[in-house]
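Quick notes on the structure that follows.
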Amino acid sequence: MACAAWRACRRVLSSLRQPSWRPASSPSGCCATLLAALAFRIAKRRGHTLFGQALRLPSSSDIDRRLVLGSGAFGIGWGLAGFCPGPAIASLATGSSKPLLFVLAMVAGMGVFELAEWLRRRLHRRLHQRESA
């Protein structure tokens with residue numbers, strides 16, 4: 001990411017604008033995709049995490065509302081801030097406040113999501129308890 005300057009907000013934002021798209025950015029995206037595919041293949045073979053916990057990879061390939069909304073939130077955040085999670089974490093080493101604010105907002109968003117999921121599961125259980133009573 002650092003070699004392709006994907007930590008630089010200006011570079012990321014300009015690469016997202018169609019007229020200024022640079023083919024020079026393509027190799028880093030291709031390398032990242034290949035690396036992720038290799039990592040998933042190795043992870044599936046292992047069957048557990050590096051810490052020995054059960055590996056839980058998604059088994060569904062359905063496109064549902066949660067996937068679309070999550071993807072949209074990711075894209076909007078990337079477009080507005082010029083960071084996606086990996087480069088934002090790498091950019092923390094620069095000492096700049098922008099990646100720090102982004103990472104804090106990202107962690108807060110994860111917390112809100114976990115809270116919403118917990119509330120959804122709790123409500124779902126209560127509804128099932130009422131139906132069975």
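Numbers for residues simply follow the sequence, beginning at 1.
- Enclosure of atom NE2 in H48 by more than 12 non-hydrogen atoms of other residues, nucleotides or ligands within 6.0 angstrom is indicated.
- In this structure, OG1 on T94 lies 9.5 Å from CG on L100, to the nearest 0.5 angstrom.
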Checklist entry - side chain to side chain contact (heavy atoms under 4.5 Å, CB included) between H128 and R125: does it pass, once the steps are laid out? => result CA-CA 5 Å; H128 280 299; R125 269 183 285 178; 5.8 Å; no
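- There is a path of hydrophobic side-chain contacts, each under 4.5 Å, that joins L104 to V107.
- Among residue pairs with one or both ends in residues 92-122, those qualifying as ring pair (Phe, Tyr, Trp, His ring centres under 6.0 Å) are F83-F102; sequence neighbours excluded.
- Heavy-atom minimum distance, P99 versus A88: CB-O, 3.7 Å.
- Going from atom CZ of R46 over to atom CG of L55 covers 9.0 Å, rounded to the nearest 0.5 Å.
- Hydrophobic side-chain contacts under 4.5 Å tie L34 to no other Ile, Leu, Val, Met, Phe, Trp or Tyr residue.
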List the atom pairs, with distances to 0.1 Å, where a side-chain N or O of residues 62-77 and a protein N or O form a donor-acceptor pair under 3.5 Å, not counting sequence neighbours.
unit_1	atom_1	unit_2	atom_2	d
D62	OD2	S60	OG	3.4
D64	OD1	L67	N	3.0
R66	NH2	E117	OE1	3.4
R66	NH2	E117	OE2	3.4
S71	OG	L67	O	2.8

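- To the nearest 0.5 Å, atoms CZ (R56) and OG1 (T49) are separated by 10.0 Å.
- Taken from SG in C30 to CG in L35, the straight-line distance is 12.5 Å, to the nearest 0.5 Å.
- Here CG of L127 is found 11.0 Å from OG of S132. Values are rounded to the nearest 0.5 Å.
- Around CZ of R126, the count of heavy atoms belonging to other residues, nucleotides or ligands within 6.0 Å does not exceed 12.
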